[in-house]
*Asks:* 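Just passing along the structure, written as structure tokens.
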Amino acid sequence: MGVRTAFQQARWITIAALAVAIWAVVTWFEVLELIDWASMDYIGRSAVSGVIGLIVLGALIMLLVAMFGELGEEEPSPESWPPE
């Protein structure tokens with residue numbers, strides 16, 4: 001199933017997934033910009049909490065990329081019935 005087919009069959013889910021992906025990328029860059037690299041506290045905008053936030057957002061982005069990659073796959077496709 002391609003992204004075009006997914007959009008035709010489940011329009012709102014595809015739009016929501018794209019919106020979440022865009023939000024995650026924008027938020028990743030905002031978190032990267034707001035990290036206070038000189039602070040080593042565990043609360044607030046410190047390097048430790050910022051890096052953990054970047055890791056979590058990066059994992060979400062990778063899952064969304066994998067999901068959109070799977071939408072482009074043609075295999076495994078349903079087999080014809082009855083079998084030949």
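Position 1 is the first residue of the sequence, and the numbers go up from there.
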*Asks:* Sequence neighbours excluded and cut-off under 3.5 Å, please list the side-chain donor-acceptor pairs for residues 51-69, or say none.
*Replies:*
none

*Asks:* With side chain to side chain donor-acceptor pair (under 3.5 Å) as the rule and sequence neighbours excluded, what pairs involving residues 47-69 come up?
*Replies:*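 Every pair satisfying side chain to side chain donor-acceptor pair (under 3.5 Å) with a residue in residues 47-69: Ser46-Ser49.
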*Asks:* If a pair satisfies side chain to side chain donor-acceptor pair (under 3.5 Å) and one of its residues is in residues 15-32, list it, with sequence neighbours excluded.
*Replies:*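 Residue pairs passing side chain to side chain donor-acceptor pair (under 3.5 Å), neighbours aside: Trp23-Thr27.
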*Asks:* Scan for side chain to side chain donor-acceptor pair (under 3.5 Å) pairs involving residues 57-67, sequence neighbours excluded, and state none if there are none.
*Replies:* none
*Asks:* Does Leu18 belong to the same Ile/Leu/Val/Met/Phe/Trp/Tyr cluster as Val20, with side-chain heavy atoms less than 4.5 Å apart forming each link?
*Replies:*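 Result: yes, single cluster for both.
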